[in-house]
Amino acid sequence: MSISGRLTGARARAPLHAGLFETWLRRGRTASSYSASSEPSKVRALIYGNHGDPAKVIQLKNLELTAVEGSDVHVRMLAAPVNPSDINMIQGNYGLLPKLPAVGGNEGIGQVVAVGSSVSRLKPGDWVIPASAGLGTWRTEAVFSEEALIGIPKDIPLQSAATLGVNPCTAYRMLVDFEQLQPGDSVIQNASNSGVGQAVIQIASALRLKTINVVRDRPDIQKLTDRLKNLGADYVLTEEELRIPETKTIFKDVPLPRLALNCVGGKSSTELLRHLAPGGTMVTYGGMAKQPVTASVSLLIFKDLRLRGFWLSQWKKNHSSDEFKELILTLCDLIRQGQLTAPACSEVPLQDYQQALEASVKPFVSSKQILTM
């Protein structure tokens with residue numbers, strides 16, 4: 001989220017310089033701007049003033065936080081993950097870019113400290129998550145507008161709450177919105193050890209769907225396979241195994257998948273298409289390989305396959321906040337029932353953010369980096 005929503009044009013895009021924060025903070029009030037008070041307190045935040053390598057452009061800075069008024073909500077952040085979309089946003093390679101300077105982080109869990117006189121839905125002590133991307137969650141506390149927040153139940157694990165608003169939501173919507181799947185149907189996906197992939201495995205299992213999960217080969221492939229199967233995966237294959245003819249024996253036991261979920265692109269997505277049932281749909285929600293999705297003409301013509309895309313931010317724009325809240329509560333029910341757990345996480349103190357940023361871009365790191373405040 002930008003430091004102040006009233007910064008526009010060249011001034012908003014100017015590089016971050018020490019000493020300018022106080023000027024920015026005095027200008028305007030937006031969804032995350034600060035209200036006036038004579039007793040400011042210090043806030044630590046991870047801020048970037050220009051796009052680039054997160055390890056180089058992110059800095060830990062002190063900001064001033066003052067009292068709330070009107071529809072403001074004072075939130076103390078508890079934990080916030082480092083997601084691929086956070087990295088892409090800092091690099092400037094994302095569909096939604098906040099005005100600069102900006103606080104990093106699109107997801108996280110916070111606790112309400114105080115509310116303004118006009119706030120009706122939230123009260124001190126409530127847990128809240130961002131209603132939309134770009135809020136700026138990598139900070140110890142902030143004052144947001146009530147409409148920028150969604151209240152969630154406090155009876156779920158903290159790591160589940162911190163990672164609730166992006167990956168599980170994406171997984172659920174892709175599983176239910178594109179094909180009318182029935183118990184016993186199958187789904188195939190790549191990047192199966194990602195946050196979304198792990199959520200797909202668990203939600204699909206809760207819906208009694210079979211999953212065929214593709215991952216990159218690695219030295220500890222058996223350990224990863226066991227972990228995904230413990231989550232509910234029916235089959236775990238490497239990219240190389242998916243290409244060999246023997247893989248077809250899987251479909252003696254499960255029907256051809258009608259839904260494929262692609263987060264990689266390139267050859268990996270082409271292989272997913274080859275294994276889809278006639279009339280099936282492949283949904284692309286990421287492009288980790290940075291290669292285009294290639295579909296042969298014969299697959300499109302003779303199998304009548306459909307290619308779709310999914311972006312949670314666009315889904316939110318097309319749906320009401322009440323519908324998003326309903327989605328969140330559905331996922332919380334799964335968490336309470338033990339059918340949805342947080343991905344493997346590594347908690348990192350905010351001041352050690354460089355460690356978290358470095359780990360988040362390393363290959364074969366299956367642990368989600370969680371910044372703790």
Exercise. Tell me whether I109 is reachable from V166 by hopping between hydrophobic residues (I, L, V, M, F, W, Y) whose side-chain heavy atoms are closer than 4.5 Å.
Key: no

Self-check item: T249 OG1 to D253 CG distance, which is reported to the nearest 0.5 Å
Solution: 7.5 Å

Quiz item: According to the interplanar angle, ranging from 0 to 90°, do the rings of H51 and Y48 count as parallel (below 30°), tilted (30 to 60°) or perpendicular (above 60°)?
Solution: tilted

Quiz item: Among pairs that include at least one residue of residues 77-122, which meet ring-ring contact (aromatic ring centres under 6.0 Å, His included), considering only residues two or more places apart or in two chains?
Solution: Y94-W311

Quiz item: Just how far is it from atom CD of Q354 to atom CG of L60, taken to the nearest 0.5 Å?
Solution: 10.0 Å

Quiz item: Taking only residues two or more places apart in sequence or in another chain, which ones pass salt bridge (charged side-chain N to carboxylate O under 4.0 Å, His left out) with K123?
Solution: D126

Quiz item: Mind checking what makes side chain to side chain donor-acceptor pair (under 3.5 Å) contact with Q314, not counting sequence neighbours?
Solution: N318

Quiz item: Short question: side chain of N230, backbone of D226 - any donor-acceptor pair under 3.5 Å?
Solution: yes

Exercise. Determine, using the 4.5 Å side-chain heavy-atom cutoff (strictly less than), whether L175 and F310 are members of one ILVMFWY cluster.
Key: yes

Practice problem: Mind checking salt bridge (charged side-chain N to carboxylate O under 4.0 Å, His left out) for D177 and listing every partner two or more places apart, or none if nothing turns up? | Solution: R173

Quiz item: Considering residues at least two apart in sequence or located in another chain, which fulfil the salt bridge (charged side-chain N to carboxylate O under 4.0 Å, His left out) criterion with E179?
Solution: R258, R306

Quiz item: Is there a path of hydrophobic side-chain contacts, each under 4.5 Å between heavy atoms of I, L, V, M, F, W or Y residues, that connects V196 with I188?
Solution: no

Practice problem: Quick one: list whatever passes side chain to side chain donor-acceptor pair (under 3.5 Å) with S268, sequence neighbours left out. | Solution: N190, E239

Quiz item: Do side-chain atoms of Q189 reach the backbone of G197 as a donor and acceptor pair under 3.5 angstrom?
Solution: yes

Quiz item: Quick one: do the T211 and N213 side chains pair a donor with an acceptor below 3.5 Å?
Solution: yes

Practice problem: For A359, enumerate each residue passing the side-chain contact (heavy atoms from CB on, under 4.5 Å) test, keeping only those at least two apart in sequence or located in another chain. | Solution: Q369

Exercise. Apply salt bridge (charged side-chain N to carboxylate O under 4.0 Å, His left out) to R243 and list each qualifying residue two or more places apart in sequence or on a separate chain.
Key: none

Quiz item: Between atom CG of L307 and atom CG of L300, what is the distance when rounded to the nearest 0.5 Å?
Solution: 6.0 Å

Quiz item: Honestly curious: do M373 and L357 fall in one hydrophobic cluster under the side-chain, below-4.5 Å linking rule?
Solution: yes

Quiz item: With a cut-off of 6.0 Å (strictly less than), are more than 12 heavy atoms of other residues, nucleotides or ligands near NZ of K267?
Solution: no

Quiz item: Got a second to check how far L122's CG is from I150's CD1, nearest 0.5 Å?
Solution: 8.5 Å

Using a 3.5 Å cut-off and no angle test, enumerate the donor-acceptor pairs between side-chain atoms of residues 332-347 and protein atoms at least two apart in sequence or in another chain.
unit_1: D333; atom_1: OD1; unit_2: R336; atom_2: NH1; d: 2.7
unit_1: R336; atom_1: NE; unit_2: D155; atom_2: OD1; d: 3.2
unit_1: R336; atom_1: NE; unit_2: D155; atom_2: OD2; d: 2.8
unit_1: R336; atom_1: NH2; unit_2: D155; atom_2: OD1; d: 3.4
unit_1: T341; atom_1: OG1; unit_2: Q202; atom_2: OE1; d: 3.0
unit_1: S346; atom_1: OG; unit_2: S367; atom_2: OG; d: 2.6
unit_1: E347; atom_1: OE2; unit_2: Q159; atom_2: NE2; d: 3.0

Quiz item: Can you tell me how far CD1 of I90 sits from OG of S85, rounded to the nearest 0.5 angstrom?
Solution: 9.5 Å

Quiz item: Can you list every pair that meets ring-ring contact (aromatic ring centres under 6.0 Å, His included) and has a residue in residues 279-307, with sequence neighbours left out?
Solution: none

Practice problem: Determine whether more than 12 heavy atoms belonging to other residues, nucleotides or ligands lie under 6.0 Å from atom CD of Q180. | Solution: no

Practice problem: Not counting sequence neighbours, which residues clear side chain to side chain donor-acceptor pair (under 3.5 Å) with D86? List them please. | Solution: N106

Self-check item: Between E107 and N83: side-chain donor-acceptor atoms closer than 3.5 Å
Solution: yes

Exercise. Step by step, work out the side-chain contact (heavy atoms from CB on, under 4.5 Å) result for K229 and V236.
Key: CA-CA 8 Å; K229 287 193 172 183; V236 179; 4.1 Å; yes

Exercise. Look up atom CG in L237 and atom CG in D217, then write down how far apart they are to the nearest 0.5 Å.
Key: 11.5 Å

Quiz item: Transitively linked via ILVMFWY side-chain contacts under 4.5 Å: L164 with W127?
Solution: yes

Please list, one pair per line, the donor and acceptor atoms closer than 3.5 Å that link side chains of residues 321-329 to other protein atoms, with sequence neighbours excluded.
unit_1: E323; atom_1: OE1; unit_2: S320; atom_2: N; d: 2.8
unit_1: E323; atom_1: OE1; unit_2: S320; atom_2: OG; d: 3.3
unit_1: K325; atom_1: NZ; unit_2: G151; atom_2: O; d: 3.3

Quiz item: So, N262 and T284: side-chain donor and acceptor under 3.5 Å apart, yes or no?
Solution: yes

